[in-house]
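See below for the structure under consideration.
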Amino acid sequence: MAPFTLAHLSDPHLAPLPKPRLIELAGKRALGYFNWTRNRHKYQCREVLDALVADMKAQAPDHVAVTGDLVNLALEAEFAPALAWLESVGPPDRVTAIPGNHDAYVSATRHRFGETFLPYIAADAPGAAAFPAVRRRGPLALISLSTAVPTLPLMATGTLGHDQLAALAEALERLAHEDVFRVLLVHHPLKSSARQKRMTDATELLALLKRHGVELVLHGHDHVHSTIWVEGPNGNIPVLGVPSASALAHGHYPAAAYNIFRIEKDNAGWRCEQTVRSLGAGFQVGQIKHVRLI
């Protein structure tokens, strides 16, 4: 059987930002809009994102995972263009998306991500809860989580909550008895030194992974290349993050990149190789890393 290839990109922060109405700039959005107009618009570029996606499509992955922050301020006018972009990446059976904190930036539109991108979120089982959502693709079981909650200004934390954690424990218990490669998708990293950007109940999630295990965890949020290993029931689990898919290199943040994972059975276990492809000079995208994870 041919290896299954999974591409992972995150945090496209789609540009350009629509001009907000004055009423939409109350509260947290006012600070976010100021930050966008002063700083973020300089390095979140649609041209970068288009180059990255074109290169990813040329690699012909079997499936694509997008781990959040499709929009910026969760303005009503942002969601239709974001859906059009996601449809250009691929159809719902070939692409899975989860929300990030910017997709639930304020309470007024926190529901819009789920409404707009439902075909890209929905679990295979009819009537299943929104999150966690389990989607089977080839030998993979993609387990989608949502840490997207509105927060106070200057905060970008995420939270799973008791109900989602309890449902995740049940899903992981079921999957532990199946011959599938389990990939957990979550926006926030599992470990963070930044109090204002952390997952508030990461300790509980780490405890579930230690007890039930998965083969791979993918996240975004930090806009950097990241690989850590966390404890599972049968060894350490690789946890990987990627830079923003639309970013020019700036400060300590690297240029846009995405991962491709090549997954196949290896005797009684699994083999998983990671390839990192990143934006280079002249908006050319090329390979910068290749490593076996499992």
Side-chain angles (χ1 to χ4, degrees), residues 8-13 28 31-32 35 39-40 43-44 65-74 97-106 110 113 131-132 143-162 164-165 168-169 172 183-232 236-247 249-259 274 276 289 293:
H8 171 221
L9 58 83
S10 196
D11 298 75
H13 288 286
K28 183 175 182 176
L31 185 61
N35 186 34
N39 296 307
R40 292 178 69 96
Y43 50 81
Q44 304 288 172
V66 183
T67 50
D69 281 0
L70 276 68
V71 303
N72 297 287
L73 305 182
I98 63 169
N101 54 296
H102 281 263
D103 301 313
Y105 204 68
V106 295
R110 66 176 300 176
F113 189 95
F131 297 102
I143 309 155
S144 298
L145 300 178
S146 174
T147 54
V149 293
T151 59
L152 294 172
L154 302 179
M155 298 296 287
T157 52
T159 301
L160 292 166
H162 176 270
Q164 192 174 177
L165 284 164
L168 175 62
L172 292 178
V183 182
L184 190 71
L185 305 177
V186 61
H187 180 69
H188 286 76
L190 275 59
K191 297 182 179 181
S192 177
S193 59
R195 180 179 179 275
Q196 73 275 15
K197 296 182 69 175
R198 76 194 194 283
M199 187 193 312
T200 61
D201 43 11
T203 300
E204 289 85 344
L205 177 56
L206 287 167
L208 284 181
L209 294 178
K210 181 178 179 179
R211 185 161 66 249
H212 298 289
V214 295
E215 279 62 56
L216 180 64
V217 181
L218 304 178
H219 70 84
H221 191 55
D222 284 343
H223 295 197
V224 296
H225 298 281
S226 173
T227 302
I228 66 170
W229 299 79
V230 301
E231 189 175 359
N236 290 334
I237 301 166
V239 180
L240 288 92
V242 289
S244 164
S246 62
H250 60 286
H252 70 277
Y253 294 105
Y258 70 96
N259 291 326
Q274 174 202 12
V276 184
K289 180 181 179 181
L293 294 171

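Counting from 1, the numbers follow the sequence of the chain as shown.
Closest non-hydrogen pair, Ser244 versus Asp11, comes out as OG-O, 2.7 Å. Nearest heavy atom pair, residue Gly100 against residue Ala148, reads O-CB, 3.3 Å. Annotation for Gly213 and Ile237: closest pair CA-CD1, 4.1 Å, computed over non-hydrogen atoms. Counting all heavy atoms, side chain and backbone alike, Phe131 lies closest to Gln164 at CB-OE1, 3.4 Å.
Here the side chain of Lys28 pairs a donor or acceptor atom with the backbone of Met155 at under 3.5 angstrom. Judged by distance alone, with hydrogens and angles left aside, the side-chain atoms of His221 form a donor-acceptor pair with the main-chain N or O of Lys197 at under 3.5 Å. Side chain of Asp201 to main chain of Leu160: a donor-acceptor pair is present (N/O by atom type, distance under 3.5 Å, no hydrogens or angles). Judged purely by atom type and a 3.5 angstrom limit, Gln274 has no side-chain atom pairing as donor or acceptor with the backbone of Leu293. Side-chain N or O atoms of Arg198 include one that pairs as donor or acceptor with a backbone N or O of Arg195 at under 3.5 Å. Panel note: side chain Asp103, backbone Asp69; a donor-acceptor pair is recorded below 3.5 Å. A distance-only check finds no donor-acceptor pair linking the side chain of Ser246 to the backbone of Gln44 [under 3.5 Å].
In this structure, Ser146 and Ile98 have side chains that are not in contact, with every pair of non-hydrogen atoms separated by 4.5 Å or more. Taking the side chain as every heavy atom from C-beta outward, Leu206 and Lys191 approach each other to under 4.5 Å. In this structure, Phe113 and Leu70 have side chains that are in contact, with non-hydrogen atoms separated by less than 4.5 Å. Within the 4.5 Å cutoff, the side chain of Pro243 has no heavy atoms near those of the Tyr253 side chain.
Put simply, NE2 on His102 and NE2 on His13 are 4.5 Å apart, with the number rounded to the nearest 0.5 Å. Atoms CD and CG, on Glu215 and Leu184 in that order, are 11.0 Å from each other to the nearest 0.5 Å. Thr67 OG1 to Leu145 CG: the interatomic distance, rounded to the nearest 0.5 Å, is 11.5 Å. The OG1 atom of Thr147 lies 4.5 Å from the NE2 atom of His188; values are rounded to the nearest 0.5 Å. Here the CE atom belonging to Met199 is positioned 8.5 Å from the NE2 atom belonging to His219, to the nearest 0.5 angstrom. Note: Gln196 CD to Thr151 OG1 = 10.5 Å, rounded to the nearest 0.5 Å.
Under the side chain to side chain donor-acceptor pair (under 3.5 Å) criterion, Asn39 pairs with Asn35, not counting sequence neighbours. Contacts of Ser226 classified as side chain to side chain donor-acceptor pair (under 3.5 Å), with partners at least two apart in sequence or in another chain: none.
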